[in-house]
Protein chains: 2
Amino acid sequence: MHSGQPAAPYPATLNDVAKVAGVSLATASKAINGRGDVAESTRKRVLDAAERLGFTPNQLARSLLAGRTHTVGLLTSDLEGRFVIPILMGAEDAFGAGQVNVFLCDARGDNIREQHHLKALLNRRVDGIIVVGRQTDPRPSLGQNVPVPVVYAYAPSEDPADLSLTPDNEAGGRMLVEHLISCGRTRIAHITGDPAYAAAQDRARGVHDALAAAGLELHGEVMFSDWSERWGRDAAAMLLEQHPEVDAIACGSDQIARGVLDTLRDLGRQVPEDVAVIGYDNWEVLTTNARPELTSIDANLQQLGREAARHLFKVMGTSEPRPAGTRYLPVRLVIRGSTIARR
Amino acid sequence: MHSGQPAAPYPATLNDVAKVAGVSLATASKAINGRGDVAESTRKRVLDAAERLGFTPNQLARSLLAGRTHTVGLLTSDLEGRFVIPILMGAEDAFGAGQVNVFLCDARGDNIREQHHLKALLNRRVDGIIVVGRQTDPRPSLGQNVPVPVVYAYAPSEDPADLSLTPDNEAGGRMLVEHLISCGRTRIAHITGDPAYAAAQDRARGVHDALAAAGLELHGEVMFSDWSERWGRDAAAMLLEQHPEVDAIACGSDQIARGVLDTLRDLGRQVPEDVAVIGYDNWEVLTTNARPELTSIDANLQQLGREAARHLFKVMGTSEPRPAGTRYLPVRLVIRGSTIARR
DNA sequence: AGGCTCATCGAAAAGGGTTTCGAGCACTTT
DNA sequence: AAAGTGCTCGAAACCCTTTTCGATGAGCCT
């Protein structure tokens, strides 16, 4: 089964346009790019010819000359991770329907491959690079001798000389507790994921601080294990056994929260009447399908991607000293039925 | 907070290398690319110089000359969709740690924006384009006068002159039923999503055909509505009211299956002992966290992405007539505890 | 010694566009 | 009539690499 059509040829070059219009290369270029020094009648002739031939300028040639390609590289270590995608969308968004295109590279968590991709991107003369990790744990820097600006998103760089943008997990942890308190809860427990993750530790610290600030104490220890629903179910069962008095459970992820909801349901506890539950990440497929729908913390990742892109935009091309350090971007509370009863 | 380091300059050009090595541009190029006609001693001198200067060839210049860029465009209409990502990974994978880089463009479902991105990709002289949709419903073709090969992935093109790769949903539907029958079930119902989706219709047809082939009939009508957990819960409740005899439920998505599992649990039915449940899509976060873990159909999307890339590879550069038509790629059964009791 | 081959190297063009700068020309001014 | 002014346009350089093909020189044969 073949179409038989080999392929349309690439459209005309500027040279063709110039010939058809009966002018020189230089004049054709100026006419098309709207530079001065070309009579209105000539411009029209050139534009007509370009239109007829379907001319579009070859970006390769243009970039080669200009020294800027209007491309950026997005270097990620884990594409399947759900954190990369919103960031990627935000970046694409900020660069806009505009002129910038994004090269996507997935290093699959392999350092060698990352170096390889980096080199490939530089050989293609990208104007900037966004490095996206899948955890909020600091990652090794690409180093300071990269000839284009680099910004680290989600996973900050270990090197303070780099610019990193990462969600403020500590503020998120505080937000969990503050919201529960504002719902009138005082007997709060915290079930979270793998203690080896900075995200787990940072959120737990936020939880602790907000409780302390309100003169409260956590009911039970922070329960660390992994980020699964199963752990949420098991942890909730243990928790209710040892601390049946709890009236709110702050969870370190939406998956954990889903598990917690299941156990509460099995044990006949009403949510949110008896126990309020709050998740983290605002992963829609989990939050909006839960019974009841799950209140959660959204890390504003798309916003983070936009910021990263905007930053690159600002410093691309300039040779000024670049901003450095790690910026913690605000997160956002999304309230649903698991903390506030629907009327 | 500034690093103070403005940016390392771009590395040396071939000209610099030639000068340092004391040879001509041509010789330097030949030495570096391993072409013949250059004395071993000279080659060493050039390579040393290149090493010292950190020379890497400018791909722009190279591409401009060669007429091939070793880049492809990936044009998607919906990045957040979970179908795009595995396909993207498969494509990245097939192009390999090799030479090809991927431009990612998200049209956000907007036709104008898609045209715009297409033009931008062509101006950058990509060697090929992969179009990825978020549904299996056929989508409008980009047309036949695109100067590079195009392959449609997941969402096939409406135009049979294009090459499309899409998962075989009908076979998947049959597989649902065949597996349930092989588990000894005969009283089978089907709950699925939005009837406006080709995926829902194709899978339902597969379910119907496989039942007919086994001399069985569906218990109740096919239940269409939407792809949510909530619908799964509600539909299962209705189903068990009207057809309490069912011993298996084939679901059109994992979300629906999760809802079905919840209702069965609420009603005290054992899974899989009383009722077997099977999902579709093999969305890991849903399947492996379910109680019991959910048997499902995997569309092999990563494989599909690889195939798409491989196809582009094959026809890129050649001017032969291109293969056309829609190819339905095999799907795969992933067995877990919701259909077969764990020992 | 002259003519030959062979290995090695470099000049130049090509790829497609942008930009600088000088040339040509019509028209005005003194 | 000579000089000056202002507007159009084109030649050529440039970006960086690859490739062709002709030039150079050394070594060998008769």
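Order of the sequence lines sets the chain letters (A, B, ...), proteins ahead of strands, with each chain counted from 1. Bear in mind that the values here come from a model prediction, so they are computed numbers and not experimental data. Computation of the quantities below employed the complete heavy-atom set of this structure, encompassing side-chain atoms and omitting hydrogens, waters and symmetry-equivalent molecules.
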> What is the distance from CZ of A/R125 to P of D/dC16, rounded to the nearest Å?
8 Å

> Can you check whether A/N58 has a side-chain N or O nearer than 4.0 Å to OP1 or OP2 of C/dG15?
no

> How many whole angstroms separate atom CG of B/L64 from atom P of C/dG15?
9 Å

> What is the distance, to the nearest angstrom, from the CG atom on B/L65 to the P atom on C/dA12?
18 Å

> Report which part of the nucleic acid B/L25 touches: base, sugar-phosphate, or nothing (heavy-atom distance under 4.0 Å, all strands).
base

> Testing the 3.5 Å rule here: is there a donor-acceptor pair between the side chains of A/D159 and A/Q144?
yes

> For the pair made of NZ in B/K19 and P in D/dC16, what is the distance, rounded to whole Å?
11 Å

> Do B/Y328 and B/L165 have side-chain heavy atoms sitting under 4.5 Å apart?
no

> Please report, rounded to the nearest Å, how far the P atom of D/dT17 is from the CG atom of A/L60.
14 Å

> Identify which nucleotide among C/dG17, C/dC9, C/dG15 has an atom closest to any side-chain atom of A/R62, counting heavy atoms from C-beta outward.
C/dG17

> Report yes if a side-chain nitrogen or oxygen of A/T13 is closer than 4.0 Å to either non-bridging phosphate oxygen (OP1 or OP2) of C/dG16; otherwise report no.
no

> Measure across B/A155 and B/D137 and return the closest heavy-atom pair with its distance rounded to 0.1 Å.
CB-O, 3.7 Å

> What nucleotide, of D/dG10, C/dT8, D/dT18, holds the atom closest to the side chain of A/S24?
D/dG10

> May I have the distance from B/R35 (atom CZ) to D/dT17 (atom P), rounded to whole angstrom?
15 Å

> Quick check: on DNA chain C, is the nucleotide nearest B/A61 upstream (toward 5') of the one nearest B/A26, or the reverse? Name the residue that is more 5'.
B/A26

> Quiz question: going by heavy-atom distance under 3.5 Å, is there a donor-acceptor pair between the base of C/dG10 and the side chain of B/K30?
yes

> So, the side chain of A/N300 versus the backbone of A/P330: is there a donor-acceptor pair under 3.5 Å, distance only?
yes

> Would you indicate what A/T27 reaches in the nucleic acid, counting non-hydrogen atoms under 4.0 angstrom: base, sugar-phosphate, or nothing?
base

> For the helix from C/dA1-D/dT30 to C/dT30-D/dA1, measure the angle between the helix axis at one end and the axis at the other, each built from five pairs, rounding to 10°.
80°

> Given C/dG16, D/dT17, D/dT18, identify the nucleotide with an atom nearest to the side chain of B/F55.
D/dT17

> Nearest whole Å is fine: how far is D/dT17 P from B/R68 CZ?
20 Å

> Which atoms form the tightest heavy-atom contact between A/L14 and A/S29, and what is the distance?
CD2-CB, 3.9 Å

> Evaluate B/R322 against B/L163 for side-chain contact (heavy atoms from CB on, under 4.5 Å), listing each step before the verdict.
CA-CA 8 Å; B/R322 300 167 184 169; B/L163 177 67; over 6 Å; no

> Would you kindly give the CG-to-P distance between A/D16 and C/dG15, to the nearest whole Å?
11 Å

> Which part of the nucleic acid does B/T42 contact within heavy-atom distance under 4.0 Å: base, sugar-phosphate only, or nothing?
sugar-phosphate

> Of all residues at least two apart in sequence or in a different chain, which pass the salt bridge (Lys or Arg N to Asp or Glu O under 4.0 Å) check with B/K119?
none

